[in-house]
Amino acid sequence: MHIPTLIEWATKVRRRYTSDCVALKMTLHVYTSILQKAACYTVTLPFTSHFQHIRLVASHCYPPWPAYQSLPRSLGTLSSDILHFRGQVSRHRTQGQHFSTYQDLDLHLNRVQISNILRRNEQVVSIPEFDSRGHSTVKKFESNQLAANAPNEDRYSAATCLHSKGMLFGVFDGHGGSACAQAVNERLLYYVAVALMPKKSLEGLEKCIAQGRPVPSILQWHNQHTDFNDPGSPSFYMEHLRDFWQELLDSEEHSNGMSPHDALECAFKRLDSDISLEAQVPLSDDLMKSTAIQVAFAGCTACVVYVGADAIHVANAGDCRAVLGVREMDGSWSALELSLDHNSNNQAEVEKIKAQHPPSEKDTVIVDDRLLGVLMPLRAFGDMKFKWSCQLQQSVLSSLKSGVDQNSLHMYQYDLPNYLTPPYLDATPEIMSHKLRPQDCFLILGTDGLWDELRSKEAVRLVGEHLSGIHPQAPVSLSEKQMKLGKLHKLLMKRRARTSPAVDVNAATHLIRHALGTGEYGELCEERLACMLALPEDFARMYRDDITATVVYLNPGIVRPPQS
């Protein structure tokens, strides 16, 4: 957006939300910070008669970001705004120092710098086609992340189940901080794996603990240097996982383990319940208690995929997404969505939530496309502000001793508007199962930062053409032959963009590059990409979200067509 527009909009936000709830007051805090930091630089903008001299924020100090708010992205085209702005910069002396706004906010990156940023968090893992359990359905997977928040609030996981023939993949999108996403990332796949295990295997785990012997591994994690796994995770994580498998051992119905569908649903619900209880129970360690409360009051959405021998099972709670790439008979690519977004665009989800509350709340449950006017995803882990009674919230938040730093919990001490009949939110996943076919080639998992920029069909096309190296073009139709010169030029530019060679070997990086850098005709616009990647932390979240993408390649030799 143009700088005057930014200042005007920030001022409007201040006026509009001054008397609103604290979650919205945090938005005010950010933009008040923008106006206060404006003393850093003075810029002459001759293109406006109303702002002869305004201040530009270029500080890299990360302000507290609204826990449940996202800024509208339709306030201007970033690259054109930046280019317009850069051409108008002049130098001034501010507080005795000589600043160059162009130097301090230089948004030009060369190709090498762009690629270095995009490839910083790449991961590629190849899976052996055969192991002690037989064939592997997964051939390999590629992942990548690009942060907009500081620190990154996205997480992702990949692990092989050692007691069942399958692999687990997950993407987790945190909000209100990264605490909940981090905890769910560390724990959820264990809960799924335990639920899948037969009783005999669970008895082996319990016997090892009872005898003081090391517990055999449940999962083989596929980690890399950018993973956030914390070796100092609270001890009660393991204790509550053990409680879970002990309850399964006591169940007469758990002899052979749960089906993937039941295991995924049970794991989601049980972990969210444990997160809630952990924040309520007394703990002798105040730091551990503070961590449990932060996890409970922050939130995260989750999409977890279990890839079995002959089927894919997807559990989704929130607005992450899983999309299957299908190679059609004619060589084209089609997208099969294996999850539904749980947000206000999902009318069935909106109606389901409204039906859970009195008719008198029909106009307040969803306001401005958000839950209670605040939260965009309509299912999530944590977020106890939307689940507990007000009395319980106050009791838990006041249970910490005065010696504990309260700043990290301050953002949760506010009242939601129209909070009358909780809970308004849960983490129950919606589960879809898909029988694998020979034409099913790969699976894309992504947080909403990816899907905000790319449609499912476009993402599949990008990965499919990246995989095959073939860029099919539809023949020119009769109507296209009769186009005027301007439209014909646009068509030719789009066709040319389709045939551009891929820059990245990693398909997840390929997706992120195109998500942020696609120009008017579908071509890669380096100027736009450079602007998006070079934005200071104060501005980055205004134009994009954290992006996480995982591309899982299926082994074509496993699934064969049925015999005639």
Side-chain angles (χ1 to χ4, degrees), residues 1-3 5-6 34 40-41 43 45 47 56-62 71-91 99-122 144-150 152 154 226 446-447 449-450 452-454 458-459 462 466 493-494 496-549:
M1 70 186 79
H2 296 311
I3 302 303
T5 307
L6 171 63
I34 287 178
C40 297
Y41 304 102
V43 181
L45 299 176
F47 53 85
L56 172 66
V57 182
S59 168
H60 283 253
C61 297
Y62 184 75
L71 292 175
R73 296 183 176 87
S74 58
L75 296 171
T77 304
L78 173 62
S79 55
S80 61
D81 290 339
I82 295 298
L83 291 173
H84 189 119
F85 165 72
R86 281 170 54 178
Q88 306 294 338
V89 173
S90 65
R91 293 175 179 265
F99 291 102
S100 167
T101 307
Y102 180 82
Q103 283 183 335
D104 293 326
L105 194 61
D106 186 357
L107 300 182
H108 181 270
L109 298 173
N110 61 41
R111 292 182 180 182
V112 173
Q113 291 172 315
I114 289 172
S115 292
N116 286 341
I117 293 172
L118 289 174
R119 297 170 184 170
R120 188 175 297 155
N121 298 319
E122 283 186 334
N144 201 354
Q145 283 188 315
L146 182 69
N149 291 294
N152 189 354
D154 278 5
T226 57
T447 55
L450 178 70
D452 286 343
E453 311 294 342
L454 287 177
E458 181 67 8
L462 285 168
H466 180 271
M493 292 297 292
K494 287 183 176 180
R496 180 181 178 184
R498 287 282 298 272
T499 60
S500 299
V503 179
D504 304 293
V505 175
N506 187 303
T509 308
H510 184 65
L511 282 174
I512 295 173
R513 186 185 294 269
H514 279 266
L516 298 180
T518 299
E520 180 182 359
Y521 303 111
E523 81 286 4
L524 276 173
C525 176
E526 288 194 7
E527 193 73 49
R528 172 181 170 82
L529 193 55
C531 289
M532 293 294 277
L533 295 178
L535 280 171
E537 291 170 356
D538 286 15
F539 284 115
R541 188 59 182 86
M542 297 170 64
Y543 286 94
R544 59 181 176 85
D545 197 356
D546 300 325
I547 300 177
T548 297

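Source: prediction; values computed, not measured.
- Side chains of Asp154 and Thr548: a donor-acceptor N/O pair is present below 3.5 angstrom, by distance only.
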Self-check item: side-chain contact (heavy atoms from CB on, under 4.5 Å) between Leu450 and Asp545, intermediate numbers included
Solution: CA-CA 8 Å; Leu450 178 70; Asp545 197 356; over 6 Å; no
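- Remark: the backbone N or O of Ala508 is not paired with any side-chain donor or acceptor of Arg513 at under 3.5 angstrom.
- Residue Ala540 comes nearest to Ala148 through the heavy atom pair CB-O, 4.0 Å, listed as atom of the first residue, atom of the second, then distance.
- In this model, no donor atom of one side chain and acceptor atom of the other lie less than 3.5 Å apart for Arg528 and Thr518.
- Contact check for Asn144 versus Leu511: no side-chain heavy atoms found under the 4.5 Å cut-off.
- Rounded to the nearest 0.5 angstrom, Asn116 CG and Leu109 CG are separated by 10.0 Å.
- Between Glu526 and Arg111 a salt bridge is recorded (basic side-chain N to carboxylate O distance below 4.0 Å).
- Contact detail for His466 and Asp504: the closest heavy-atom pair is NE2-O, 2.6 Å.
- The closest side-chain heavy-atom distance from Ile547 to Leu516 is below 4.5 Å.
- Between Ile117 and Met532, the closest side-chain pair of non-hydrogen atoms is not below 4.5 Å.
- Heavy-atom minimum distance, Val503 versus Ser115: CG1-OG, 4.4 Å.
- Atom NE2 in His514 sits 11.0 Å away from atom OG1 in Thr509 (nearest 0.5 Å).
- Within the model, atoms CG of Asp546 and CG of Leu146 stand 8.0 Å from one another, a figure rounded to the nearest 0.5 Å.
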Exercise. Start with the C-alpha distance between Leu529 and Leu118, add both sets of side-chain angles, then the distance that settles side-chain contact (heavy atoms from CB on, under 4.5 Å), and finish with yes or no.
Key: CA-CA 10 Å; Leu529 193 55; Leu118 289 174; 4.2 Å; yes
